[in-house]
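Structure, as structure tokens:
Note that the structure is predicted; figures quoted are calculated from it, not measured. No hydrogens, no waters, no symmetry mates; every other heavy atom, side chains included, goes into these values.
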Amino acid sequence: MQNNQPHPDIARILVPEDTIQAHVKVLAHQISRDYADVDSIYMIGVLRGSFMFLADLVRQINVPTVVDFMAISSYSDASESGEVRIVMDLHEPIVNKHVIVVEDIVDSGQTMSYLYHTLKGRGPASLRTCTLVQKHQEYVSVPLDYLGFNIPDVWVVGYGLHYEGRHRTLPYIAELKETVYKK
Ligand code: 5GP
Ligand code: MG
């Protein structure tokens, strides 16, 4: 059932749908310009959170793209052990390819840093990063070449991002009420 009221779990909308869509266009334009001379871009979506962003982004890029995915161990696993691990790897080698890794959100930067160094070690022709949102600018040790939005340090959902599997399909990025995630 559709209506215009945000879901009761939502505290406030941080990035409205039209703002996301406008910025996806800007990022796609920058990428199309930066890669105008390459045969194709190998776009890697980090599952599951980036699926919606990647789908919108690649449809606005006017250079040929190949889409592939990786899945990384969940946030709760990683924060306990302090390590990040690949649970699903790429379909093809990336040697000599122009690679952009597309993330939903960069928080501590641990996941993006792990991905960056792992992919770099596989010998791509070039490697850049793209993330829709970033929480902590101070932590990140790898370049975020294409960035959507900086947001405060709150738990966000929507546009691919979830809380316990819910709210992924909201068209905007919203702050979850603390009462929902600090039970
Ligand atoms: P890292 O701390 O390694 O930068 O982020 C790890 C992962 O945690 C992100 O890729 C994302 O999947 C998840 N994450 C971090 N903050 C949030 C958030 O506010 N909402 C959601 N849904 N996921 C988050
Ligand atoms: Mg992620």
Open item on the list: Just to verify, what does Gln30 make a side chain to side chain contact (heavy atoms under 4.5 Å, CB included) with, not counting sequence neighbours?
Closed with: Val26, Leu27, Arg33, Tyr146
If every non-hydrogen atom of [X] is compared with every non-hydrogen atom of [Y], which pair is closest and at what distance?
X: Pro152; Y: Arg12; value: CG-NH2, 3.9 Å
X: Val99; Y: Pro124; value: CG2-CB, 3.9 Å
X: Gln60; Y: Ala28; value: CB-CB, 3.3 Å
X: Ile105; Y: Val156; value: CD1-CG2, 3.7 Å
X: His162; Y: Val157; value: C-CG1, 3.7 Å

Task: Asp104 and Tyr159: side chain donor to acceptor below 3.5 Å - done: no
Is the shortest side-chain heavy-atom distance between [X] and [Y] below 4.5 Å?
X: Ser141; Y: Tyr116; value: no
X: Leu119; Y: Met70; value: yes
X: Lys177; Y: Ile10; value: no
X: Val102; Y: Thr131; value: no
X: Arg166; Y: Asp9; value: yes
X: Tyr42; Y: Ile100; value: no
X: Val106; Y: Lys135; value: no
X: Val133; Y: Leu14; value: no

- [ ] Start with the C-alpha distance between Ser40 and Tyr35, add both sets of side-chain angles, then the distance that settles side-chain contact (heavy atoms from CB on, under 4.5 Å), and finish with yes or no.
- [x] CA-CA 8 Å; Ser40 83; Tyr35 291 81; over 6 Å; no
Open item on the list: Is there a continuous path of hydrophobic side-chain contacts, each under 4.5 Å between heavy atoms, that joins Val87 to Leu47?
Closed with: no
Task: Within one Ile-Leu-Val-Met-Phe-Trp-Tyr cluster: Val95 and Val38, side-chain cutoff 4.5 Å - done: no
Any chance you could measure [X], atom [atom1], to [Y], atom [atom2], to the nearest 0.5 Å?
X: Arg168; Y: Leu161; atom1: CZ; atom2: CG; value: 8.0 Å
X: Ile61; Y: Ser32; atom1: CD1; atom2: OG; value: 5.5 Å
X: Glu17; Y: Leu170; atom1: CD; atom2: CG; value: 10.0 Å
X: Ile72; Y: Thr111; atom1: CD1; atom2: OG1; value: 7.0 Å
X: Ile44; Y: Ile94; atom1: CD1; atom2: CD1; value: 5.0 Å
X: Leu90; Y: Arg122; atom1: CG; atom2: CZ; value: 5.5 Å

TODO: Check whether any side-chain N or O of His23 sits under 3.5 Å from a backbone N or O of Leu147 as a donor-acceptor pair, and report yes or no.
DONE: yes
Open item on the list: Can a donor-acceptor pair be found, under 3.5 Å and without considering hydrogens, that links the side chain of Thr19 to the backbone of Val15?
Closed with: no
Is the [atom1] atom of [X] crowded by more than 12 outside heavy atoms at less than 6.0 Å?
X: His117; atom1: NE2; answer: yes
X: His7; atom1: NE2; answer: yes
X: Asp153; atom1: CG; answer: yes

TODO: Output, in order, the C-alpha distance, side-chain angles, deciding distance and verdict of side-chain contact (heavy atoms from CB on, under 4.5 Å) for Cys130 and Asp145.
DONE: CA-CA 6 Å; Cys130 177; Asp145 300 295; over 6 Å; no
TODO: I would like to know whether Asp56 and Lys25 meet salt bridge (charged side-chain N to carboxylate O under 4.0 Å, His left out); could you show each step before the answer?
DONE: CA-CA 9 Å; Asp56 284 345; Lys25 281 204 178 113; over 6 Å; no
TODO: Check the pair Gln134, Phe149 against side-chain contact (heavy atoms from CB on, under 4.5 Å), reporting the backbone distance first and the verdict last.
DONE: CA-CA 6 Å; Gln134 179 181 20; Phe149 306 95; over 6 Å; no
- [ ] Look at the rings of Tyr163 and Trp155 and say which category their plane angle falls in: under 30° parallel, 30 to 60° tilted, over 60° perpendicular.
- [x] perpendicular
- [ ] Please assess His167 against Leu176 for the test side-chain contact (heavy atoms from CB on, under 4.5 Å), listing each intermediate value before the final yes or no.
- [x] CA-CA 10 Å; His167 307 308; Leu176 201 64; 3.9 Å; yes
Task: Test side chain to side chain contact (heavy atoms under 4.5 Å, CB included) applied to Thr65 and Met43, Arg59, His98, the passing residue - done: Met43
